[in-house]
Amino acid sequence: MISFELSERQQQMKELAHWLAENEIRPIAMEAERMKRVPEQWLQKINQMGIHLNPAGFQSGKNQSGRLQKENEANRLGVIAMEELAWGDAAVTLSLPGPGLGGPPLQASGTPEQQERFLSIFTMDEPRWGAYAVTEPEAGSDVSGIRTTAARVDGGYLLNGQKIFITNGARASWVIVFATVDPALGRFGHRAFIVEKGMKGFAATKIVDKLGLRANETAELVFEDCFVPDENLLGGEELYERRHAKSSGFQVAMKTFDSTRPVVAAMAVGIARAAYEYTLEFVKKEFPKHGHLYPLAIDLLAESETDIAASRLLVWEAAWKADMGKENAKEAALCKAMAGKMALDVCSRCLEILGPSGLEGHPVEKWYRDVKVFDIFEGTNEIQHLVIARNQYAQYRLRV
């Protein structure tokens, strides 16, 4: 039986993250939205504070070797912190220095030498980023359909192809890139590479203009005969020697999603909570208790609070199972599917209550635009339903 109370350590993380969200993130959020970037001076300040976006979501400080710390509460600490940070602002949060989405596959599958080399760069000297590149113009939800190629040559591989919608892709010091050695092999041809900024043939060609999360950099990446040495093949050749190895490139991508989907879901919960709290305060101040709109507003807010609480518990369960070393693919899909839709519904209800007071230039309108992508990235809701169905019916050996 799990406890619904936060441990002392978890409560401290929650308080720290909320302090950061309230005092550092929210004050710059609307200006960053208008500028479509987070101020460099602010990023320098945050980095000097030792605040980094790490594989579990959030970290304050490092151990003596500079490596990101591992702990059996890492996933729970991450989702707790990410809810608070997204409550402050999701776009600014995603722009925090650190390995970001590139961290989980590196920590799970990288060799000790790769982990030391690429994770040790995240210090307080200057802000640095990592990134994760799977999505392509013709392969988003269907990861098995990637067409970026990796041709074997003497001493390494030549990468050719394109990746799109890559968070922090242009500024990243390194990017985990998925490619195929042979499209005919399907998922068994996948390999993951650590591509470093400045490698010949690798370029960020475009920063995408978006509906929401405008302050966060989203890039298109191009590879034209980009040479990647053997030592940058994630996990080394032995990781891919057996055709049906669970540690194949495709499985690396899938296990990454099991780690990151609860984090994304937690961020959706944070945005929904921000909209709910803002609207609740508005109703308390502006709606007379005996007015004809008051009962409708209270009903919509009660429904929203219920949905937020339910989504949070699903997130916590997925994170808890990950911390316990249990398979959490279904739980990660459940929380991601529910939280993304829930947050969009909550923001929509809040705009309905606010009326003209929630129009452009107000935070709820921004949160509504920001939250739309949360039922798309890290796998669309349709993909989450497929993952849930496959896990649900696996015991009956039915193919879904």
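Values in this document were obtained by computation on a predicted structure and should not be read as measured data. Just so it is clear, the values below take in all heavy atoms, side chains as well, and ignore hydrogens, waters and symmetry mates.
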Tell me whether the guanidinium CZ or amine NZ of Arg152 lies under 6.0 angstrom from the six-membered ring centre of Tyr157 and within 45° of its axis. yes
Heavy-atom count check: over 12 atoms from other residues, nucleotides or ligands less than 6.0 Å from [X] [atom1]?
X: Glu237; atom1: CD; value: yes
X: Glu138; atom1: CD; value: no
X: Phe118; atom1: CZ; value: yes

Of the non-hydrogen atoms in [X] and [Y], which two are nearest, and what is the gap between them?
X: Gly169; Y: Leu221; value: O-CD2, 3.8 Å
X: Gly140; Y: Thr135; value: CA-CG2, 4.0 Å
X: Val143; Y: Phe257; value: CG2-CE1, 4.0 Å
X: Asn47; Y: Pro127; value: ND2-N, 3.4 Å
X: Leu185; Y: Gly189; value: CB-N, 3.6 Å
X: Ser259; Y: Pro104; value: CB-CB, 4.3 Å

Would you find a donor on one side and an acceptor on the other, under 3.5 Å apart, between the side chain of [X] and the backbone of [Y]?
X: Ser109; Y: Val252; value: no
X: Thr93; Y: Asp89; value: yes
X: Glu331; Y: Lys321; value: no
X: Trp129; Y: Trp174; value: no
X: Arg147; Y: Gly145; value: yes
X: Glu22; Y: Gly88; value: no
X: Glu217; Y: Arg171; value: yes
X: Trp19; Y: Glu24; value: no
X: Asn328; Y: Ala318; value: yes
X: Thr306; Y: Ala302; value: yes

Looking only at the side chains, is there a donor atom on one of [X] and [Y] sitting less than 3.5 Å from an acceptor on the other?
X: Gln11; Y: Glu15; value: yes
X: Asp375; Y: Asn381; value: no
X: Glu196; Y: Asn232; value: yes
X: Thr149; Y: Asn160; value: no
X: Glu136; Y: Thr148; value: yes
X: Ser144; Y: Arg187; value: no
X: Lys210; Y: Thr218; value: yes
X: Glu73; Y: Gln10; value: yes

Salt bridge between [X] and [Y], side-chain N to carboxylate O under 4.0 Å?
X: Asp209; Y: Arg214; value: no
X: Glu378; Y: Arg261; value: no
X: Glu317; Y: Lys326; value: no
X: Arg191; Y: Asp182; value: no

How long is the span from the [atom1] atom in [X] to the [atom2] atom in [Y], to the nearest 0.5 Å?
X: Ile46; Y: Ile28; atom1: CD1; atom2: CD1; answer: 7.5 Å
X: Lys366; Y: Cys347; atom1: NZ; atom2: SG; answer: 10.5 Å
X: Leu334; Y: Ile388; atom1: CG; atom2: CD1; answer: 4.0 Å

Are Glu31 and Lys36 close enough, and set up right, to give a salt bridge (Lys or Arg N to Asp or Glu O under 4.0 Å), and what steps lead you there? CA-CA 8 Å; Glu31 180 62 21; Lys36 297 185 180 180; over 6 Å; no
Which residue pairs satisfy the ring-ring contact (aromatic ring centres under 6.0 Å, His included) criterion with at least one member in residues 353-375, sequence neighbours excluded? Phe374-Phe377
Ring center gap for Phe202 and Phe223 short of 6.0 angstrom: yes
Does the gap between the ring centers of Tyr132 and Phe178 come in under 6.0 Å? yes
My understanding is that only residues two or more places apart in sequence, or in another chain, count here; which of them pass side chain to side chain contact (heavy atoms under 4.5 Å, CB included) with Glu231?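 Glu231: side chain to side chain contact (heavy atoms under 4.5 Å, CB included) contacts with Arg117, Pro229.
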Test Asn75 against Asp323 for side-chain hydrogen bond (donor to acceptor under 3.5 Å, both in side chains), laying out the working first. CA-CA 6 Å; Asn75 290 277; Asp323 282 338; 2.9 Å; yes
What residue pairs, at least two apart or across chains, pass side chain to side chain donor-acceptor pair (under 3.5 Å) with a residue in residues 271-285? Glu83-Arg273, Glu84-Arg273, Trp87-Glu277, Arg273-Glu277, Tyr276-Glu305
Using the salt bridge (Lys or Arg N to Asp or Glu O under 4.0 Å) rule, take Asp299 and Arg349 through it: C-alpha gap first, then chi angles, then the decisive distance, then the call. CA-CA 10 Å; Asp299 182 66; Arg349 292 181 201 131; over 6 Å; no
